[in-house]
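Comments concern the structure below.
Convention: sequence-line order gives letters A, B, ...; per-chain numbering from 1.
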Number of protein chains: 2
Amino acid sequence: MDKTLTLQSSLDNDRLQSAAFLAKSLSDANRLRILLFISDGKKSVSTIVEELDLSQPLVSHHLKELKRSLLVKVEREGPFIYYELSDSRILTVLQTLSDVATNLLSARKTF
Amino acid sequence: MDKTLTLQSSLDNDRLQSAAFLAKSLSDANRLRILLFISDGKKSVSTIVEELDLSQPLVSHHLKELKRSLLVKVEREGPFIYYELSDSRILTVLQTLSDVATNLLSARKTF
DNA sequence: TCATCATATAAATGTATATTTATATATTGT
DNA sequence: ACAATATATAAATATACATTTATATGATGA
């Protein structure tokens, strides 16, 4: 049984919907910057705001979106709220997407 | 050097933009159905329309989007136009996203 | 050239979303 | 209770996008 058959049996329509939903959450560069920044341990909102140089409401909005897709874990400690990447496999997804994009773009320039 | 450092050096802002752009192309379930369907060899537009039970203009629209993101290769043969997945690594991305989604959803229900 | 089939495009519509500005809520220390 | 800080929410705006319906373009065969 080859990979295609494996995929077709394991990627039914419900799972495709879920995958598409996660992909939508990964479709904004600022959210990817946030995910990458919180991938090596929990970070407070203010830390994210300062480090990524984004407005506080914008970071809050994107964190809400990431929380909606379950891609982040949230934890309160006193006045601070910490966000952390919930599944490290997302990092490999991002790396692969970046690699694929690089290849596709370089191939496009080859006439 | 751990994976995080590797990621931070290889995923600069340009690459994040590219990854986000590809992710956006993967953020629609109908597009994922199309990508999966054309992943085992080129398929004509009409075949996609019939097999996936989508309207012809809708399929055309999504194929245009997939072409814009370079995720498909296009080839004309007489009156037919064939589309094919341009990079099979996209399949592993979809499989991983589906797996992650399944895990995140099942973990959410565990109180 | 005409009719037919395959595919693309245009127009219209509804909905989603990224961002900014302004304000509200929640927690802590005094 | 009050002031200060951390974070979230609301409102407004602009833009993007999925889908449908209608029409156009392009290729083929008679």
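Within the structure, salt bridge (Lys or Arg N to Asp or Glu O under 4.0 Å) pairs that include any residue of residues 52-66 of chain A comprise A/E65-A/R68 (at least two apart or interchain).
In terms of the salt bridge (charged side-chain N to carboxylate O under 4.0 Å, His left out) criterion, residue partners of B/K42 (sequence neighbours excluded) are, by chain and number, B/E75, B/E77. Shown here are the side chain to side chain donor-acceptor pair (under 3.5 Å) partners of A/S44, two or more places apart in sequence or in another chain: A/S46, A/T47. For B/D28, there are no salt bridge (charged side-chain N to carboxylate O under 4.0 Å, His left out) partners two or more places apart in sequence or in a different chain.
Between A/L97 and B/L26, the shortest heavy-atom distance links the atoms CD2-CD1, 4.0 Å. Of all non-hydrogen atoms in A/S69 and A/L22, the two that sit nearest each other are O-CD2, 3.5 Å.
The closest side-chain donor-acceptor pair between B/Q95 and B/D99 falls under 3.5 angstrom.
The CG-P distance, from A/L58 to D/dA10, rounds to 17 Å in whole Å. Note: CG (A/L32) to P (C/dA18) measures 11 Å, nearest angstrom. Spacing between atom CG of A/L54 and atom P of C/dT20 amounts to 9 Å, rounded to whole angstrom units. Taking atom CD on A/E65 and atom C1' on C/dA16, their separation rounds to 10 Å, with Å as the unit.
Annotation: cation-pi pair B/K43/B/F37 present, NZ/CZ under 6.0 Å from the ring centroid and within 45° of its normal.
Within residues 19-28 of chain B, the residues approached by DNA chain D to less than 4.0 Å at the level of any non-hydrogen atom are B/K24, B/D28, in residue-number order.
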Sort me out a list of protein N/O and nucleotides 2-9 of chain D N/O pairs below 3.5 Å, or just none if empty.
{"unit_1": "D/dA6", "atom_1": "O3'", "unit_2": "A/P79", "atom_2": "O", "d": "3.4"}
{"unit_1": "D/dT7", "atom_1": "OP1", "unit_2": "A/V45", "atom_2": "N", "d": "3.4"}
{"unit_1": "D/dT7", "atom_1": "OP1", "unit_2": "A/I81", "atom_2": "N", "d": "3.1"}
{"unit_1": "D/dT7", "atom_1": "OP2", "unit_2": "A/S46", "atom_2": "N", "d": "2.7"}
{"unit_1": "D/dT7", "atom_1": "OP2", "unit_2": "A/S46", "atom_2": "OG", "d": "2.8"}
{"unit_1": "D/dA8", "atom_1": "OP1", "unit_2": "A/Y83", "atom_2": "OH", "d": "2.5"}
{"unit_1": "D/dA8", "atom_1": "OP2", "unit_2": "A/S60", "atom_2": "OG", "d": "2.9"}
{"unit_1": "D/dA8", "atom_1": "N7", "unit_2": "A/Q56", "atom_2": "NE2", "d": "2.7"}
{"unit_1": "D/dA8", "atom_1": "N6", "unit_2": "A/Q56", "atom_2": "OE1", "d": "3.2"}

